[in-house]
Amino acid sequence: MKEEPKQELLSVDRIRQMIDLYNPCTDDYLFVLDFENDSYYISPHALERFLLPGCYFHNVSDTLLRVTCEEDRQALTDDLADILSTERVTHNMVYRWRGLDGQPIWINCRGRVARGEDKRALYMVGCINEIGRKQKADNVSGLLGETSLQTWMQGFQDEIPDGYFLRMGLDNFKSINAKLGVEYGDMILRKMGDFTISCVHHGQHLYRIVADEFVIVDFNGGTAKEAVDLYMEIRRMLDRFVEENHYEAFVTVSAGILQCKDVQDFSWSQIMKLSEFALTEAKQLGKNRSYVFMQEDYDRFLKKKKLTQVLRQAVASNFEGFEVYYQPIFLSKDGSLSGAEALMRFHLDDEMVMPGEFISILEDTGLIIPAGRWILHEALKFAKQMQQVIPGFRVNVNVSYVQVMKSDVVTDIMDALKQYDISPEHLIIELTESGLIESDTYFTRLWTQLKESGVKLALDDFGTGYSNFHYLNELRPDIIKIDRSFTMRAMANEYEFNLLSLLNGMVKSLELKVCVEGVETAEECDKIAVLPPDYSQGFYFGRPCPRADFEKKFVNSGTVSNDIVH
Ligand code: C2E
Ligand code: CA
Ligand code: CA
């Protein structure tokens, strides 16, 4: 330990004189606690604020406890006892004193203990400030605020305590304010504060941070399970409140739980970041529930964040890193090559990222609009080149519901067809059913316009989610693409196979075409041949590959098809 520089001891009387001298110069309250005489002197203007018997008094411990709010008395007693029984020289506590009107006032009391030769505590000089005045506390919920939490946390940087942070956020709080008014919102916050106060245990600390969030800190070895139980207790109180108020406001609360042991860098910013992530996860998992922080989830989140940045950059720098793979599609009747599906790939640090990982990011960020336009152009360029060898070659391009809803995808398609001089029937646009339900009116408009233009339409991923046979007759897609999961089920289960067979027959009777996806083995191929579908696509016939490989593998060596979907 570092040796403290020797300081000259002042007499308590001299310190009292100095306090009087400083009294008019500050809003804070200076004090001296004389351990030897059991007396206490505080700046006289403290009497204008707190329920003190005078600015000078004896019997310090009892008097101070009387002015201290009940909830904080034990902590103060413990701290004073600790000063007397150890060699500690600093005192730093945030707690509540009673004001003249009996209401609690948050204070931060910091002091320095002067010790004699024998290390005995002689006196303590210090300063008390009202943190509420500095917006360190929140007068709506009656709780301490974020800055107070931050200041308190600074003491724990070297040694990570054992326990947890329970960060709770009201769900959809903004809409409560909007629908029922800010005063109603404040009342809910106050209630939430009250419920939380009544549930926290001795030694746990409670703060209200950003608008609608509350943090309970337990550094007493509390476990994640205990944090969940505590959250559930608060949630039940809130539920009861909502019920008693006849659902006037339907308020729920979510919680993110962060265990101290999971925080490697125990800094304020890191704790805020990780606890915020935990709360956001809880909300994303459906709200009104808790989530306990897990490093794997956080790593995945960071990876996604990085990928998002990289994708944005790549789109901005002329799609550098993006590549198109082509998977062959064969005509079942004679095994000839009919065309290819264009599938997006992305290269990141020598690794190939698959669409499963990045398409949803492109959709969430809207980047699918430029990226979708880019792949459309690449695919049509490719088709043009292939048509030199195979005149009827068709290319399939996937279009996302985001493109349908938020861009003029029909114009993009028409312009691109013109630019590469490709006739519309050689382009097949693949759309999924799930997107279809979400974007009803946009979708039907797009569908009609494309149909009129002569572009072919494929209903992708058939057999997943809510496959709706009713669509088939109404929409009359040119092709139904049976999803790999349906194909797999049909391979493994006779009932499913019969279903596939029935579907195949029905689609044919509607004069639509069927393409079976995900055929991986010769055995599967034989089984499928019984149906047979119009087209087959799968690893067994050919994996998606770059353009040059495609030409080598499937064009220069195989038979070709001039069949066109009518
Ligand atoms: P999808 O449209 O159903 O494309 C077929 C997917 O099945 C491709 O996965 C393909 O590699 C895979 N596949 C084909 N045959 C087999 C097989 O026999 N076995 C197995 N296990 N898989 C097979 P990929 O390339 O990973 O693409 C996944 C999904 O990402 C696509 O599913 C599509 O929904 C989306 N996607 C890919 N490229 C684009 C694009 O340019 N735009 C949009 N909007 N979505 C795209
Ligand atoms: Ca597809
Ligand atoms: Ca598909």
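Every number for a ligand or one of its atoms is a count from 1 in the order of the listing.
Polar contact with ligand 1: absent for Glu363 (N/O pair, distance under 3.5 Å).
Interface of Glu517 with ligand 1, defined as ligand atoms under 4.0 Å from a residue heavy atom, comprises 3 (O), 5 (C). Close approach to Ile375 involves these atoms of ligand 1, each under 4.0 Å from a residue heavy atom: 41 (O). Near Val519, with a cut-off below 4.0 Å to any heavy atom, the atoms of ligand 1 are 18 (O). For ligand 1 and Asp461, the ligand atoms under 4.0 Å from any heavy atom of the residue are 3 (O). Listed by number with element, the atoms of ligand 1 under 4.0 Å from a non-hydrogen atom of Met354 are 26 (O).
Taking backbone and side-chain atoms together, Asn398 has an N/O/S atom less than 3.0 Å away from the Ca ion (ligand 2). Among the backbone and side-chain atoms of Asp460, an N, O or S atom lies under 3.0 Å from the Ca ion (ligand 3).
Closest to atom 44 (N) of ligand 1 by heavy atom, among Ser400, Ser536, Gly518, is Ser400. Considering each of Asp460, Thr521, Thr487, the one bringing a non-hydrogen atom nearest atom 2 (O) of ligand 1 is Asp460.
Judged purely by distance below 3.5 Å, without hydrogens or angles, the side chains of Arg394 and Ser338 pair a donor atom with an acceptor atom. The closest side-chain donor-acceptor pair between Asn396 and Lys456, if any, does not fall under 3.5 angstrom. A donor and an acceptor atom, one from each side chain of Tyr291 and Gln284, are nowhere located under 3.5 Å apart. In the model, Ser254 has a side-chain atom that pairs as donor or acceptor with a side-chain atom of Asp171 under 3.5 Å. A donor-acceptor contact closer than 3.5 angstrom is absent between the side chains of Ser485 and Thr464.
Within the structure, ligand 1 has Arg484 among the residues with a heavy atom less than 4.0 angstrom away. Using 4.0 Å as the threshold, Arg543 has no heavy atom nearer than that to any atom of ligand 1.
Both tests pass for Arg345 against the ring of Tyr325: distance under 6.0 Å to the centre and angle within 45° of the axis.
Protein heavy atoms are absent from the space less than 4.0 angstrom from atom 9 (O) of ligand 1. Within 4.0 Å of atom 34 (O) of ligand 1, not a single protein heavy atom is present. For atom 22 (N) of ligand 1, the protein comes within 4.0 Å by at least one heavy atom.
Aromatic ring orientation, Phe541 versus Phe330: tilted (interplanar angle from 30° to 60°). The aromatic rings of Trp374 and Phe319 sit parallel, their planes meeting at an angle under 30°, below the 60° perpendicular limit.
The protein heavy-atom contact nearest to atom 31 (C) of ligand 1 is Leu343 CD2, 4.3 Å. Annotation: atom 39 (C) of ligand 1 to nearest protein heavy atom, Ile359 CD1, 3.8 Å. In terms of protein heavy-atom proximity, atom 30 (O) of ligand 1 is closest to Pro355 CB, 3.2 Å. For atom 15 (N) of ligand 1, the closest heavy atom belonging to the protein is Gln327 NE2, 3.0 Å. Nearest protein neighbour of atom 38 (N) of ligand 1, counting heavy atoms only, is Met344 N, 3.1 Å. Asn398 CB, 3.5 Å is the protein heavy atom nearest to atom 43 (C) of ligand 1. Taking atom 11 (O) of ligand 1 as the reference point, the nearest protein heavy-atom neighbour is Pro544 CG, 3.3 Å. If you check which protein heavy atom lies closest to atom 19 (N) of ligand 1, you get Glu520 OE2, 2.6 Å.
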Test Arg236 against Glu233 for salt bridge (charged side-chain N to carboxylate O under 4.0 Å, His left out), laying out the working first. CA-CA 5 Å; Arg236 272 193 294 273; Glu233 212 180 319; 5.8 Å; no
Going through the checks in order, is the salt bridge (charged side-chain N to carboxylate O under 4.0 Å, His left out) test met by Arg484 and Glu520? CA-CA 10 Å; Arg484 179 174 137 74; Glu520 284 188 352; 2.9 Å; yes
Evaluate salt bridge (charged side-chain N to carboxylate O under 4.0 Å, His left out) for Lys303 paired with Glu357, printing each intermediate quantity in order. CA-CA 10 Å; Lys303 196 173 162 201; Glu357 269 186 77; 3.5 Å; yes
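Seen from the Ca ion (ligand 2), atom OE2 of Glu341 and atom OE1 of Glu430 lie 90° apart in angle, a value rounded to 10°. To the nearest 10 degrees, the Ca ion (ligand 3) sees OD1 of Asp461 and OE1 of Glu517 at an angle of 130°.
Between Lys304 and Asp299, none of the side-chain N atoms (NZ, or NE/NH1/NH2) sits under 4.0 Å from a carboxylate O, so this pair counts as no salt bridge. The residues Glu341 and Lys481 are annotated as salt-bridged, a charged nitrogen and a carboxylate oxygen being separated by less than 4.0 angstrom.
A heavy-atom distance below 4.5 Å is not found between the side chains of Ile479 and Leu512.
Of all heavy-atom pairs spanning Leu417 and Pro424, the tightest one is CD1-CA, 4.0 Å.
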